[in-house]
Amino acid sequence: MPRRFLGLARCDAQSAALRRSCCRRLRFFGGFHDYAHGTEIAPAVSPANYSAGFLLASALLLGSGAVLEGAIRGISAMSRVFGGGIALVGAALFFV
């Protein structure tokens with residue numbers, strides 16, 4: 001059956017709009033997040049070196065998350081295990 005008959009074309013358009021909206025909000029939040037970390041620079045540290053290290057650490061964290069997500073995407077049990085682990089860590093951080 002064609003996708004438009006099932007109403008899936010509308011769902012695809014809505015999910016694309018949601019992704020664009022989320023990306024805009026993340027960029028907005030990211031600007032404030034970077035500013036907050038920029039204010040933590042010690043006076044004796046070079047701002048260029050601090051910024052380069054911050055960007056490298058952020059890229060490594062995001063890249064490793066993307067690789068891990070790609071590796072476990074096809075295994076639903078692994079997704080549940082990682083999701084449960086993240087929920088437990090979140091709960092532990094809440095109570096600490």
Side-chain angles (χ1 to χ4, degrees):
M1 293 186 166
R3 291 177 68 106
R4 66 180 178 277
F5 180 76
L6 297 173
L8 295 177
R10 193 179 85 197
C11 291
D12 289 345
Q14 288 172 342
S15 65
L18 181 62
R19 280 193 302 271
R20 285 192 300 273
S21 173
C22 287
C23 286
R24 280 193 297 267
R25 289 180 182 148
L26 284 173
R27 284 193 300 264
F28 180 74
F29 170 76
F32 287 105
H33 184 246
D34 292 344
Y35 176 77
H37 281 289
T39 60
E40 298 171 345
I41 299 174
V45 175
S46 164
N49 289 341
Y50 183 86
S51 299
F54 187 79
L55 287 172
L56 180 63
S58 296
L60 288 173
L61 284 170
L62 290 170
S64 63
V67 168
L68 183 62
E69 186 268 336
I72 66 169
R73 178 178 284 273
I75 307 169
S76 62
M78 288 297 285
S79 296
R80 289 188 182 115
V81 168
F82 276 98
I86 290 170
L88 288 174
V89 168
L93 289 173
F94 179 76
F95 290 110
V96 170

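One is the number of the first residue; the rest follow in order along the sequence.
By the rule that hydrophobic residues join a cluster once side-chain heavy atoms approach within less than 4.5 Å of another member, L68 and M78 end up as members of one cluster.
In this structure a side-chain-to-backbone donor-acceptor pair under 3.5 Å is present from S64 to L61.
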> Between Y50 and S46, is a side-chain contact (heavy atoms from CB on, under 4.5 Å) present by the stated rule, with each step listed?
Replying inline: CA-CA 6 Å; Y50 183 86; S46 164; over 6 Å; no
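Distance check, rounded to the nearest 0.5 Å: CG of N49 to CZ of F54 gives 15.0 Å.
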